[in-house]
Amino acid sequence: MTQRRRDEERLRQSSVVFHTTAEAIVIADARRRIVAVNAAYTRITGHDETQVLGLDPDAVLGTGHGDDFYAALVAPSSTGYWQGEVLCQRASGDSFPAWESISAVRNDNGTVTHFVAAFSDFSAIHQAEEKLNHLAHHDALTGLPNRLLFDDRFERAIEQARRAQQRCILLFLDLDSFKGVNDTLGHGVGDELLRAVSVRLREALRRSDTLARLGGDEFVVLTGSAQPEDASHLAMKLLGALRDPFDLGGEQIRITGSIGIAVFPDHGTDRNVLMRAADIAMYSAKSQGRNRYQFFTADMSERTQERMQMEQGLRRAIDNDALEVHYQPQLRLSDAHVIGVEALVRWPHPELGMISPARFIPVAEESGIIETLGMWVLRRACHDIVGLPDNDGRQMRLAVNVSVRQFMREDFVAHVLEVLTETGFPAESLELEITESTLQVIEQSAGILDALKRLGISISIDDFGTGYSSLSVLRGLPIDRIKIDRSFIIDLTENEDARAMIEAMLALGRSLRMTTIAEGIELSEQAELLLRLGCSEGQGYLFARPMSAGQLRQSLRRPPEDI
């Protein structure tokens, strides 16, 4: 009786497991006819037990196991057990992947009496694997192939072109001024723009072409069996796709692209060489005005090498304090008294001599060094000028140029305050110069200007008259001074139109209660006319060239009229 109760308890436990387990279980007799299935089998396959009793389980599920499979399963040399992935079919006709295990059940005499199969629906796992595989090979933001998948396709395209003795063309596209969009409108809008750009580029390509995003605002296009003239046509088509403005979040955004083109085997037979060639050609297109395409040429590599050397050299110069800051005096036109100076960075290269800012500033902006460079100049200039009196005996006013990228940093105001605290330079004597073209940027970040004004720092607009200025923006921002660009001063005394423009800018300054300063004054006639027209301050070679801090101190010991 005790043994029978134990057997009954085991049977009860087995029954509970059979009916409640999450795995589908099907039991077939020795002739492979279903004798029982559990609830999980019905849930997973949609087949009710009454519908499948007496049927071949493999015929119902469509797993494809045949006589040979079962003969091998029950062979004397076999363990009587098999497991693996199979493709099953539901009652609805839909297929699904499953992980199945099949066991042959023998009696005490070793005769096969039943087959027990258990399987789990692997659909979710397969979907997860497919998703992971897609994420590993595609850009999460745009859904385009990423560098990993593109490199694989590029290798295959090169090999195919090599066997067929055909060309393979690579186009490297970089968006122009995309960093400005991120800095001004935020990364959310920047991401939306990248998605919209990817859609337009895809629509401009053939199905056989491959478009990929390498990262940031860099896209590449791979096309095979094409001639160079076809590449030109495709490049124009891609640039044309970007021509219309993008409407994102109520903002009308216009953006252009620069494209570099490399051709296999003309410009290289290796994927990495061709990618580098297209990248170099793209930078050449940018340097020639942007919104254009350029084929790679051998001399581009030399220019790129020079640019890289300049970038690395500039980084080392900043780290080693090998740059210099020169100062150009700013005078009150009425009495020629020096009331301020503008800080101008100079690079005395040990081998190349004095490198013009016109050469290294663009490199600094493109490479992102401009932020570090700007803070270095601010710190050095405050250190040099602190305690230096102007001709009126007050602390010399110091004007320092600030780039858009530097200005838009979240910690910019904190960095400026740190420099002022470190050097002891009074905030009320510091003037930060921003370019006119950044006014629209600053309109979206007026809080930065307000924070600077609360510190007592002045703000001036450099190169005024050369960019786009909204009067509503000018009126609403705390601007203290506008600097008239030298291009209006050159022919001031000879050109009535130039004079009329100066008069208009001076009138605008007065109406907005801003002081004006003119730069690039080289003739006494220009200074006299500007004074008569109402311009209060000026700077230029007529008064003094940029000079070192030591030379500045010496010049200030002389009478104002001798400076």
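These figures come from a predicted structure and were not determined experimentally.
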Flag the pair R195 and E192 as a salt bridge only when some basic side-chain nitrogen lies within less than 4.0 angstrom of an acidic carboxylate oxygen. no

Let's go through L242 and T256 carefully: what are the C-alpha distance in whole Å and the side-chain angles of both, what is the deciding distance for side-chain contact (heavy atoms from CB on, under 4.5 Å) to 0.1 Å, and is it a yes or a no? CA-CA 6 Å; L242 303 177; T256 58; 5.9 Å; no

So which heavy atom on [X] is nearest to which on [Y], and how close?
X: N146; Y: A212; result: O-CB, 4.4 Å
X: S284; Y: Q294; result: OG-CG, 3.8 Å
X: H267; Y: V273; result: O-CG1, 3.8 Å
X: G268; Y: F264; result: O-CD1, 3.3 Å
X: R167; Y: V263; result: CD-CG1, 3.6 Å

Consider only side-chain N and O atoms of [X] and [Y], and report whether a donor and an acceptor are under 3.5 Å apart.
X: T223; Y: R206; value: yes
X: N107; Y: T113; value: no
X: D176; Y: S258; value: yes
X: S92; Y: D94; value: yes

Should the heavy atoms of other residues, nucleotides or ligands under 6.0 Å from [atom1] of [X] be counted, would the total exceed 12?
X: R243; atom1: CZ; result: no
X: Q165; atom1: CD; result: no
X: D67; atom1: CG; result: no
X: E410; atom1: CD; result: no
X: D68; atom1: CG; result: no

Ring geometry between [Y] and [X] (parallel below 30°, tilted from 30 to 60°, perpendicular above 60°):
X: W99; Y: F122; result: parallel
X: F150; Y: F154; result: tilted
X: Y41; Y: H47; result: tilted

Can you tell which of Y70, F69, F119 makes a ring pair (Phe, Tyr, Trp, His ring centres under 6.0 Å) with W82?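 Answer after filtering Y70, F69, F119: F69.
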
Does any part of the side chain of T269, heavy atoms only, come nearer than 4.5 Å to the side chain of I158, both counted from C-beta?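 I158 does not reach T269 side chain to side chain.
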
Think R90 forms a cation-pi with F96, using NZ or CZ under 6.0 Å from the six-ring centre and within 45 degrees of its axis? yes

With V221, which of I261, T210, L234, L173 fulfils side chain to side chain contact (heavy atoms under 4.5 Å, CB included)? L234

So, the side chain of R200 versus the backbone of D244: is there a donor-acceptor pair under 3.5 Å, distance only? yes

